Amino acid sequence: MAAIPDKPALEGLEAKWGESWEQQGTYLFDRDAARAKGRAGVFSVDTPPPTASGSLHIGHVFSYTHTDVKTRYERMRGKTVFYPIGWDDNGLPTERRVQNYYGVRCDPSLPYDPDFTPPFEGTTKTIKAADQIPVSRRNFIELCEKLTVEDEKTFEDLWRTLGLSVDWTQTYRTISDDTIRTSQLAFLKNLERGEAYQDLAPTLWDVDFRSAIAQAELEDRDQQAAYHRLAFHRTDGSGDIHIETTRPELLAACVALVAHPDDERYQPVFGSTVTTPVFGVEVPVLAHPLAQPDKGSGIAMICTFGDVTDIIWWRELDLPNRTIIGKDGRVVADAPEAITTDGGRAAFAEIAGKTVFSAKKRMVELLEESGELTSVSAPFTHPVKFFEKGDRPLEIVSTRQWYIRNGARDAELRERLLALGQEIEWHPEFMRVRYENWVNGLTGDWLVSRQRFFGVPIPVWYGLDENGERDYARVLVPDAASLPVDPSSDVPPGYTEDQRGVPGGFEAETDVFDTWATSSLTPQLAGGWQRDEDLWSLVAPFDLRPQGQDIIRTWLFSTLLRSALEDDRAPWAHAAISGFIVDPDRKKMSKSKGNVVTPADILEKHGSDAVRYWAASSRLGTDAAFDPQNPTQIKIGRRLAIKVLNAAKFVLGFEAPEGASVTEPLDLSMLAALDDVVVQATAALDAYDHARALELSESFFWTFCDDYLELVKERAYAGGDAGASAAVALRTALSTLLRLLAPVVVFAAEEAWSWFESGSVHRAAWPEPTGLGGDTAVLAAASEALIGIRRAKTEAKASQKTPVARAVVAAPAERAAALRLAADDLKAVGRIAALEIEDADAFAVTDIQLAEEA
């Protein structure tokens, strides 16, 4: 046991106890103990792997603290805890950070340069793409790996400072060999069962990242636009039909006009045809229920593709594909075959090669010249689809991509996913609705391929026909035993390297998996699926998935989908969903808004226990405001942590004689009240309500310090049987309170515990009620009387140390009887010579006479 310092302080506790926990293996997963207890005796956490690109923000501290409080509680309840952590270090965010950090961009056509040195290192300014040095794919990946390793070290240091009780020996990276093997193996199983497939289809495309984007990665952003009213000419010569569009640049991709089937204005023209302005292409006029009669002129042009509704119309109405936007975001060079007139082809040549913005400007000019642009509306704002990490609106291009079935087009799978969602206990419960809304709102299968460089390679090759063309029907896959593989350097079974790229040989898939396709397997990655079956049997399905509400549609859904497809079960029993951190104006903190607060300075200034207290004070699913200029809750948390140290030092100043017991009514009352707190706090933590547990424990702690300690200290100093009763009660309460508060103020609790107990408080048993049977009314009445006496002295402008010759306290009969049992302690703390307790209708200090000064 450690010596009690003369002046206890919070400074330095993070480093001191972090090192001790590491040396002692305090938070290591004990596999032997897990085997002995069985799966029911294990508490396993599917911890979110933070993206290792950039910096952590205060929201990470918020949500990860919630998880840590629950995990520490379960450990103290006797569970063998499996609490791993991973780093999500592949994908688009990492590539962008590497580009900006080193001033490079990937060009797969370049050869590897083993002596390459990046032009920059550590710059925080975004470097224009034109100024980035092109490097080979291998050079680029090496830089990605180098930077993520450095970022992960920084993140780990911060998590350790915060006091997360993770097992650092159970760490994984989403780009390691083990991870690549697991991700590739799961995909091959999906492919074998028919759950993964490839298709040439319209794809949401980010022209800056040059990659396909999945539905779950979209966000709407308001953009300015204007309606352009165009005249389409009826082919029977009976006049024009006017449509209004915000995207006249896509006119050459028009394949039909569409109106609602119940719209009486257009029912006479359904089934007829019109010719497009400028290009003169004949297209049909069709009916579809998604058309909006109250939008624009009530009839729209279907282009391939202007938005996701165009995709639905194109698919359901069986229309041709005339895509004119390329992967670079520019209009393609060759006009669609449907444009046959010289004038139409000449017009298309005017927009070919232009960006979407420039093409729109020129197309408007052409329409004005032809007289077929009849009006342009005033500008307005409307929502436009963006990649959540992108800077420009998404385009829709036709590409060949890999998909995993997700229930969008499979009613049986969709119902199974909804049923599994019902089996999970959600905290808070209303978050389940967000999951169900997402499942019911899916419009397409999960697109899992990306045209990027730093990611898990899709493990397939394609057979080449006699002309050297890919035969997409002949997909070549590796043996499971050979995983992980990189198709660009490895060869498929039965082939040799000299057959790469030649007729009759093979060609590698160059795409990588979307980062969510790997992150959706975090239970499998952490739990040893298909790698360590003993571990998998002890931890899966996991007990808890903690995460933010904004990634229910991505991480939570995709993980549940993979588990359903592989094991036909939910991957966890509980889902704990944290709220957002908002700024003082109640706006969500995000990098794009520029209002993010990084936690390192906050932790250094106020201490980790104070920051943990702020986080734990908020319930799951509830947004919390954070003002770095006036962090009120953090200051309150720091005051609590300091008081824990000082109160512990004071209590431990009283020796409890061996064999002594608690006998005095006030002492028994305090322990009975504490018993109630233990019962209620335990129930709250069982129900994932850490904020309620903290509120109960903290409230009693202050009553203990401000009232009970003051009431009994004179008796404790005096000794004897009554003093021994106080000393035993004080130590018993201190032990219980430290354990109640330990999941939150982890460093202060450990420090104080070390002064009188061996081992770590975080490995100690969670407190149980003493069951000594005291009357809680005694402490309540004494506290109320003490407050009244203090107030009376204050009103008399006297010091609290001023002696009182006589005091009269009135109270209802039961309260008065309880108060009489603590009368001696009340007299001692109030320095009262004569205390009279009278029965009355209401509680009051009716008379107080201060002693005359000598």
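Note that the structure is predicted; figures quoted are calculated from it, not measured.
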E150/K146 under salt bridge (Lys or Arg N to Asp or Glu O under 4.0 Å): CA gap, chis, key distance, verdict: CA-CA 7 Å; E150 293 304 313; K146 177 183 177 182; over 6 Å; no
Full working for side chain to side chain contact (heavy atoms under 4.5 Å, CB included) between L218 and E388: CA-CA 5 Å; L218 305 181; E388 59 189 359; over 6 Å; no
Stepwise side chain to side chain contact (heavy atoms under 4.5 Å, CB included) check, T203 with I396: CA-CA 5 Å; T203 307; I396 299 175; 6.0 Å; no
Working for side chain to side chain contact (heavy atoms under 4.5 Å, CB included), residues W572 and L556: CA-CA 10 Å; W572 347 267; L556 189 146; 3.7 Å; yes
Verdict with reasoning, R31 to D532, per salt bridge (Lys or Arg N to Asp or Glu O under 4.0 Å): CA-CA 12 Å; R31 192 181 294 213; D532 185 343; 2.7 Å; yes
Derivation and outcome, side chain to side chain contact (heavy atoms under 4.5 Å, CB included), residues F305 and N321: CA-CA 9 Å; F305 296 90; N321 188 338; 3.8 Å; yes
Salt bridge (Lys or Arg N to Asp or Glu O under 4.0 Å) between E192 and K189, worked out: CA-CA 5 Å; E192 183 180 4; K189 288 176 173 285; 5.9 Å; no
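No side-chain heavy atom of L620 sits less than 4.5 Å from a side-chain heavy atom of P546. Side chains of Q422 and R432 form a contact here, defined as non-hydrogen atoms less than 4.5 Å apart. Side-chain contact between R414 and D410: absent, with no pair of heavy atoms (C-beta onward) separated by less than 4.5 Å. A 4.5 Å side-chain heavy-atom check between F513 and S520 finds every atom pair outside the cut-off. H574 places none of its side-chain heavy atoms less than 4.5 Å from the side chain of I424. Annotation: side chain of E566 is in contact with side chain of W529 (closest heavy-atom distance under 4.5 Å). At least one side-chain heavy atom of P478 sits less than 4.5 Å from a side-chain heavy atom of L483. By the 4.5 Å heavy-atom criterion applied to side chains, D88 and T522 are not counted as neighbours.
Using cut-offs of 30° and 60° on the angle between ring planes, the pair H762 and Y27 is tilted. Relative orientation of the Y197 and Y403 rings is parallel, given thresholds of 30° and 60° on the angle between their planes. Classification of the Y435-F557 ring pair by plane angle, with boundaries at 30° and 60°, yields tilted.
Checked for salt-bridge contact, R77 and E74 miss the test: no charged N lies under 4.0 Å from a carboxylate O. Ion pairing between a basic and an acidic side chain is recognised when a charged N comes within 4.0 Å of a carboxylate O; R181 and D178 show no such pairing. A salt bridge between R474 and D465 is absent, with no side-chain N of the basic residue lying under 4.0 Å from a carboxylate O of the acidic one.
Taking A480 as the reference, L185 meet the side chain to side chain contact (heavy atoms under 4.5 Å, CB included) condition, with sequence neighbours excluded. Applying the side chain to side chain contact (heavy atoms under 4.5 Å, CB included) rule to R400 yields the partners Q198, L200, Y472; only residues at least two apart in sequence or on another chain are considered.
For the pair S44 (side chain) and V539 (backbone), a donor-acceptor distance under 3.5 Å is present. Under the 3.5 Å distance criterion, the side-chain polar atoms of T622 are left unmatched by any main-chain donor or acceptor of G579. Q530 contributes no side-chain N or O that, together with a main-chain N or O of T182, makes up a donor-acceptor pair within less than 3.5 Å. Remark: side-chain polar atoms of T323 are not paired, donor with acceptor, to backbone N or O of V397 under 3.5 angstrom. Judged by distance alone, with hydrogens and angles left aside, the side-chain atoms of R405 form a donor-acceptor pair with the main-chain N or O of G194 at under 3.5 Å. Using modelled atom types, one side-chain atom of S558 and one backbone atom of T554 make a donor-acceptor pair closer than 3.5 Å. Side chain of W426 to main chain of G421: a donor-acceptor pair is present (N/O by atom type, distance under 3.5 Å, no hydrogens or angles). Distance alone, capped at 3.5 Å, places no donor-acceptor pair between the R416 side chain and the L565 backbone. The backbone N or O of W168 sits less than 3.5 Å from a side-chain atom of T171, completing a donor-acceptor pair. Between the side chain of S578 and the backbone N or O of G548 there is no donor-acceptor pair closer than 3.5 Å.
Distance CG/L188 to CD/Q184: 7.0 Å, rounded to 0.5 Å. Taking CG of D167 as the start and CZ of F29 as the end, the distance is 8.5 Å to the nearest 0.5 Å. Atoms CZ and OG1, on R97 and T51 in that order, are 12.0 Å from each other to the nearest 0.5 Å. Atoms CH2 and CG, on W516 and L521 in that order, are 12.5 Å from each other to the nearest 0.5 Å. Atoms OG1 and CG, from T94 and L147 in turn, are 8.0 Å apart once rounded to the nearest 0.5 Å. For the atom pair CD of E95 and SG of C144, the computed distance is 5.5 Å after rounding to the nearest 0.5 Å.
Under 3.5 Å, the side chains of T174 and T518 contain no donor-acceptor pair of N or O atoms. Side chains of N190 and R562: a donor on one and an acceptor on the other come within 3.5 Å. For D30 and T80, the side-chain atoms include no donor-acceptor pair closer than 3.5 Å. For the 3.5 Å distance criterion, the side chains of T682 and W766 qualify, holding a donor opposite an acceptor. Side chains of S482 and D479: no donor on one and acceptor on the other come within 3.5 Å. For the residue pair D68/S165, the side-chain donor-acceptor check at 3.5 Å is satisfied.
Counting all heavy atoms, side chain and backbone alike, D511 lies closest to S449 at OD2-CB, 4.0 Å. The minimum heavy-atom distance between Q401 and A212, with the atom names listed, is NE2-CB, 3.6 Å. The minimum heavy-atom distance between Y64 and P48, with the atom names listed, is OH-O, 2.6 Å. Nearest heavy-atom pair, F506 versus T496, reported as atom, atom and distance to 0.1 Å: CE2-O, 3.4 Å. The two atoms that bring L525 and Y172 nearest to each other are CD1-CE1, 4.1 Å, heavy atoms only. A pairwise comparison of heavy atoms in T67 and L544 identifies CG2-CD2, 4.3 Å as the closest pair.
Among H427, H66, E425, the single residue meeting the side-chain contact (heavy atoms from CB on, under 4.5 Å) criterion with Y688 is H427.
Checked against a 6.0 Å centroid threshold, the rings of W402 and F187 count as neighbours.
For E497, the CD atom sits in a packed shell: over 12 heavy atoms of surrounding residues, nucleotides or ligands are nearer than 6.0 Å.
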